[in-house]
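Step one of this worksheet: look at the structure below.
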Amino acid sequence: MFQVFTGSWALFLGLFLLMVGNGLQGTLLGLRGDQEGFSTFALSIVMSAYFVGFLFSSFYTPKLIQRVGHVRVFAALGSTISAVLISYPLLVEPWAWTLGRVIIGFCFCGVYITAESWLNDAATNETRGKSLSLYMIVQMAGIVFAQYVVSQGDVSGYVLFIIPSVLVSLAFAPVLLSVRPMPAFETTKPMKIRALIAASPLACFGMFMLGGVFAAQFGMSAVYGSRVGLSVGEISFFVSTIYVAALVLQYPIGWLSDRMDRRVLIIWISLVGGAGSLVAFLIPGNFAIILFSAAVVGGMSNPLYALLIAYANDYLEKEDMAAASGGLLFINGVGAIMGPLTVGWMMDVIGNNGFWLFTALLMLSVGAYGLYRSTQRSRSDMDNETVPYAPVSASSTTIVAEVAQEVYIEAEEEVAADQGEDDAFVNARSGIE
């Protein structure tokens with residue numbers, strides 16, 4: 001992995017700075033909006049707007065790159081991000097922030113797609129899996145570091161809004177000055193949702209529900225923390241705990257998924273995550289309990305995202321895997337748009353702990369649906385021929401999802417080749433005997 005980093009350190013540095021900037025603006029808007037007297041529902045609309053822009057960009061940006069090229073798209077979208085970030089404190093109105101979040105969601109998705117396409121081009125068949133793992137680590141590290149920066153500044157001032165703008169601007173330099181010539185850009189047309197649901201109903205249902213969970217974590221966790229009276233430092237620690245747990249548990253869960261029935265693992269992870277969320281709902285007001293629930297929910301939900309992609313691939317042919325990634329991300333994106341709106345409504349109706357009830361209901365519903373599916377389709381011998389697990393972050397775009405699918409396909413081809421060699425050896429030995 002060290003060789004992968006040294007070979008593409010500038011790209012990883014640029015992506016880290018981008019994630020710090022994005023992590024800052026999500027938490028910062030929640031805290032500042034609460035100080036300005038925004039209602040919970042108004043903030044939920046602001047947070048949901050980011051995912052509207054992100055989802056729209058995932059379809060439009062590839063066409064834009066094909067038309068004008070990587071460099072122009074990267075520079076134009078990045079400049080727009082910087083401008084929007086420093087405009088938030090100038091016009092403190094819910095409608096203005098909502099518009100800004102749509103724009104910034106569109107731009108961040110476009111920037112990620114552009115940078116990730118360079119990263120994919122720099123990877124080889126031998127290093128693609130390691131690049132994927134390192135990229136996920138960089139993403140999580142950027143979000144966690146952003147929470148530390150928030151805890152050191154004044155939410156009511158301007159400095160914390162200027163910092164992410166500067167970081168995003170600085171992110172361009174290492175990327176644009178060190179990348180290879182523009183790679184050929186091509187994305188796979190997403191599989192039709194109906195066909196994807198027919199192939200794996202559990203994966204589709206789970207991705208939709210997880211979209212809401214991730215949106216609550218990324219957008220509404222700071223709002224919840226502020227509403228229950230946590231300090232800025234405590235909120236930063238709370239949000240960081242979600243992503244640290246996600247990073248720590250990603251690989252152990254991935255190891256398990258390659259060694260046991262994935263549907264059973266999906267059910268258990270979902271039920272544990274839902275139960276962890278219920279703990280904070282039933283025992284409100286205790287900061288230690290809040291951190292515990294954040295670790296459980298974050299540690300279960302984020303690896304579950306990659307696990308559901310791998311589970312869907314178990315029921316797909318190799319040639320369909322890349323197309324399936326786009327469909328699954330679209331389903332997840334729709335869930336993410338609805339997530340903040342729903343959790344904001346629940347926090348208004350039943351109180352601040354509606355945040356935990358929302359995540360509990362979504363996680364438990366995935367587990368319950370998994371149990372139902374186990375009564376509808378058994379795991380045959382063919383079903384147990386699973387593809388290897390690959391770590392994928394929920395904040396990734398279609399480019400990284402397709403890279404993960406390439407890792408799945410290459411690993412499956414290697415297994416098939418090894419199986420063919422073993423069969424040939426057995427046949428030859430039988431002939432000698």
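When a residue number appears, it is its place in the shown sequence, counting from 1.
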Is any side-chain heavy atom of V102 less than 4.5 Å from a side-chain heavy atom of F56?
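Counting from C-beta outward, V102 and F56 never come under 4.5 Å.
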Could you measure the distance from the [atom1] atom of [X] to the [atom2] atom of [Y]? Nearest 0.5 Å is fine.
X	Y	atom1	atom2	result
I163	L85	CD1	CG	11.5 Å
S270	L364	OG	CG	8.5 Å
S79	F74	OG	CZ	10.0 Å

For the student: nearest non-hydrogen atoms of A49 and T98, plus distance:
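For A49 and T98, the tightest heavy-atom pair comes out as CB-O, 3.4 Å.
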For S277, check side chain to side chain donor-acceptor pair (under 3.5 Å) against everything at least two apart and list the hits.
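Testing S277 for side chain to side chain donor-acceptor pair (under 3.5 Å), a comparison that skips the adjacent residues, returns T359.
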Would you call the rings of [X] and [Y] parallel, tilted or perpendicular, taking 30° and 60° as the class edges?
X	Y	result
F51	F218	perpendicular
F161	W97	tilted
Y224	W356	perpendicular
Y50	F108	tilted

Would Y311 and D261 count as having a side-chain donor-acceptor pair, cut-off 3.5 Å?
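Judged by distance alone, the side chains do not pair up.
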Taking C107 as the fixed residue, which of T61, L77, V168 is the one that meets the side chain to side chain contact (heavy atoms under 4.5 Å, CB included) rule?
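It is L77; the other options fail the test.
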May I ask you to decide if [Y]'s main-chain N or O and [X]'s side chain share a donor-acceptor pair within less than 3.5 Å?
X	Y	result
S48	S44	no
S226	V223	no
S58	L55	yes
Q147	I143	yes

Is the F287 to F238 ring centre distance short of 6.0 Å?
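Between F287 and F238, the centre distance exceeds or equals 6.0 Å.
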